[in-house]
Amino acid sequence: MSRYVINKKALEENIDIIKKKAGVPLIGVVKGNGYGFGIKELSRILLDNSIETFAVTETDDLDELRTVVNNRDILVMRSTCIESEAKKIAELHAIATIGSLKSAEVMDKVSKELGVTTRCNLKIDTGMGRYGFMPSEIEDAIKCYDFENLEFIGAYTHFSSAFTNTELTKVQLQLFKDAMEQIKKAGKETGTLHCANSPALLNVEDVCLDSVRIGSAFTGRVITKNKTELNRIGSLEADVIEIKTVPSGYSIGYNGEYTTKRETKIAIIPIGHYDGFGLTKEKENADFRSVLSQLKKYLKKQHLQVKINDKMYDVLGEIGLSHTAVDITGSDVNIGDTASVDISPLMVNPRIPRIYKY
């Protein structure tokens, strides 16, 4: 059976590195099933490492996350005008994102119906083009503070190009700061301000403000300008379940796209597209040079590889839904040996078990 294995000690080291780098409280972003690490599992570890605030994008994640983090703050990073979503946010005492007058109206309406005051973060769109008030709409943003059943405790924006464009990120930050000044001049409290995500923290100086939203950096899989101390965590593993030898000129896999050039010893590994292997090329690496290296490999159509007993072996033919053939000619690989592949946790099927090991 395949499993996605996560080194817990390496994860805790990453958390510590990020804390020291940020110097301000972290918001643990656990969207996308905890960036593929498992929303419950990752959230528990973040709690154990003194992270007290969490964030998701899907309201459907709130029920599951609330069972783990109890009464800690959960920010829903989605400005929604859908009443059912707003109701769930209010019912589960999460923090709503307000990025339009309409979303404020909807959240205030459902909050009144439930007899609660919903805490909110104002969202400013400084160039991402999704949720949020544009800088030209600050007068509308200020109106949101007057809704009876909404309490604004913070505000934020989202950087669009912190991976690659430092100057644009700084422009976005200044646009956000200017918007906050206008809100303060209107006599409103802006609360906790947070703009930086993982790429911004690792690529741009002086962007942290009151808090930092961290997700991908926990996994060590985030594009940065320079190599970081972060551990790249996570590997898809399965045991070798069959070994066979085929003659020269033998077709391997669907469509017979690969034909052996010599007598070939093959290991069969029970992982494939269903598990997430071979669906896409990696793009989250330690630095830009690694990204360029991956592109060159793609252009050269370099073989995908699998690691067995600390040695790399080429994949033969097309990867199947649940099986992969590997060339182990001349090796001492045996049935039961562990095979592993380095793929993003976001590509791994959520139904595959996440195994945490020290």
Side-chain angles (χ1 to χ4, degrees), residues 1-11 33-38 40-42 219-221 231-282 284-285 293-294 297-298 300-358:
M1 181 179 180
S2 62
R3 60 268 181 191
Y4 195 74
V5 179
I6 298 153
N7 185 314
K8 186 177 179 182
K9 181 179 179 181
L11 174 56
N33 191 30
Y35 275 82
F37 274 22
K40 283 187 173 182
E41 296 90 337
L42 178 59
T219 74
R221 295 170 175 269
N231 303 295
R232 184 180 173 90
I233 305 171
S235 62
L236 182 63
E237 295 186 359
D239 299 332
V240 175
I241 59 171
E242 184 67 276
I243 292 174
K244 66 187 299 182
T245 299
V246 300
S248 175
Y250 201 84
S251 295
I252 307 294
Y254 288 113
N255 302 316
E257 289 191 2
Y258 182 84
T259 302
T260 57
K261 299 175 179 61
R262 52 170 166 71
E263 184 177 81
T264 304
K265 186 179 180 183
I266 298 172
I268 306 301
I269 317 297
I271 57 174
H273 294 316
Y274 177 82
D275 306 89
F277 184 40
L279 291 182
T280 184
K281 290 286 178 179
E282 293 290 285
E284 17 83 301
N285 287 276
S293 174
Q294 291 293 325
K297 288 178 182 178
Y298 175 76
K300 291 179 180 178
K301 296 184 178 179
Q302 182 167 320
H303 287 301
L304 288 172
Q305 292 187 314
V306 172
K307 181 186 285 188
I308 308 175
N309 301 332
D310 294 322
K311 185 176 178 181
M312 303 304 294
Y313 296 93
D314 287 341
V315 170
L316 299 179
E318 288 192 9
I319 295 169
L321 183 67
S322 54
H323 292 95
T324 296
V326 178
D327 185 352
I328 58 167
T329 305
S331 76
D332 59 356
V333 171
N334 294 303
I335 289 173
D337 287 347
T338 298
S340 66
V341 292
D342 177 18
I343 70 170
S344 167
L346 287 170
M347 297 307 301
V348 178
N349 190 321
R351 298 180 69 179
I352 302 300
R354 270 58 176 175
I355 307 297
Y356 281 80
K357 294 182 178 180
Y358 266 106

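A quick note: this is a predicted structure, and the numbers were derived from the prediction, not measured.
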Counterpart residues, side chain to side chain contact (heavy atoms under 4.5 Å, CB included), relative to [X] (two or more places apart):
X	answer
Thr338	Arg3, Glu237, Asp239
Pro247	Tyr250
Asn255	Glu257, Glu318
Asn231	Ala10, Glu13, Asn14, Ile233

For a quick test of reading the model, state the closest non-hydrogen atom pair linking [X] to [Y] and the distance between them.
X	Y	answer
Ile243	Ile335	CD1-N, 3.6 Å
Val306	Ala339	CG1-CB, 3.6 Å
Ile252	Ala325	CG2-CB, 3.9 Å
Leu236	Ser2	CD1-CB, 4.3 Å

Asp342 side, atom CG; Leu304 side, atom CG - distance, nearest 0.5 Å: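 The CG atom of Asp342 sits 11.5 Å away from the CG atom of Leu304.
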Nearest-0.5 Å distance, CD1 of residue Ile343 to OH of residue Tyr4: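 If we round to the nearest 0.5 Å, Ile343:CD1 and Tyr4:OH are 6.5 Å apart.
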Backbone of Pro345 reached by a side-chain donor or acceptor of Arg221 within 3.5 Å: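 Not at all, since once roles are kept as given, no pair shorter than 3.5 Å links the two residues.
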Qualifying side chain to side chain donor-acceptor pair (under 3.5 Å) pairs, either residue in residues 307-317, two or more places apart: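 Pairs touching residues 307-317 that pass the test: Gln305-Asp314, Asn309-Asp337.
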Extract all donor-acceptor atom pairs below 3.5 Å that involve side chains of residues 261-273 and protein atoms in other chains or at least two apart in sequence.
unit_1 : atom_1 : unit_2 : atom_2 : d
Arg262 : NH1    : Thr329 : OG1    : 3.0
Arg262 : NH2    : Asp327 : OD2    : 3.2
Thr264 : OG1    : Arg262 : O      : 2.7
Lys265 : NZ     : Ser331 : O      : 3.4
His273 : ND1    : Phe277 : O      : 3.1
His273 : NE2    : Ile319 : O      : 3.0

Those residues that, when tested against Ser340, pass side-chain hydrogen bond (donor to acceptor under 3.5 Å, both in side chains) (two or more places apart): none
Stepwise side chain to side chain contact (heavy atoms under 4.5 Å, CB included) check, Val240 with Asn334: CA-CA 7 Å; Val240 175; Asn334 294 303; over 6 Å; no
Show me, pair by pair, the donor-acceptor contacts under 3.5 angstrom made by side chains of residues 347-358, not counting sequence neighbours?
unit_1 : atom_1 : unit_2 : atom_2 : d
Asn349 : OD1    : Arg351 : N      : 2.9
Asn349 : ND2    : Tyr274 : O      : 3.1
Arg354 : NE     : Gly36  : O      : 2.7
Arg354 : NH1    : Asn349 : O      : 2.8
Arg354 : NH1    : Ile352 : O      : 2.7
Arg354 : NH2    : Gly36  : O      : 3.1
Arg354 : NH2    : Val348 : O      : 3.2
Tyr356 : OH     : Phe37  : O      : 2.9
Tyr358 : OH     : Glu12  : OE1    : 3.3
Tyr358 : OH     : Glu12  : OE2    : 3.4

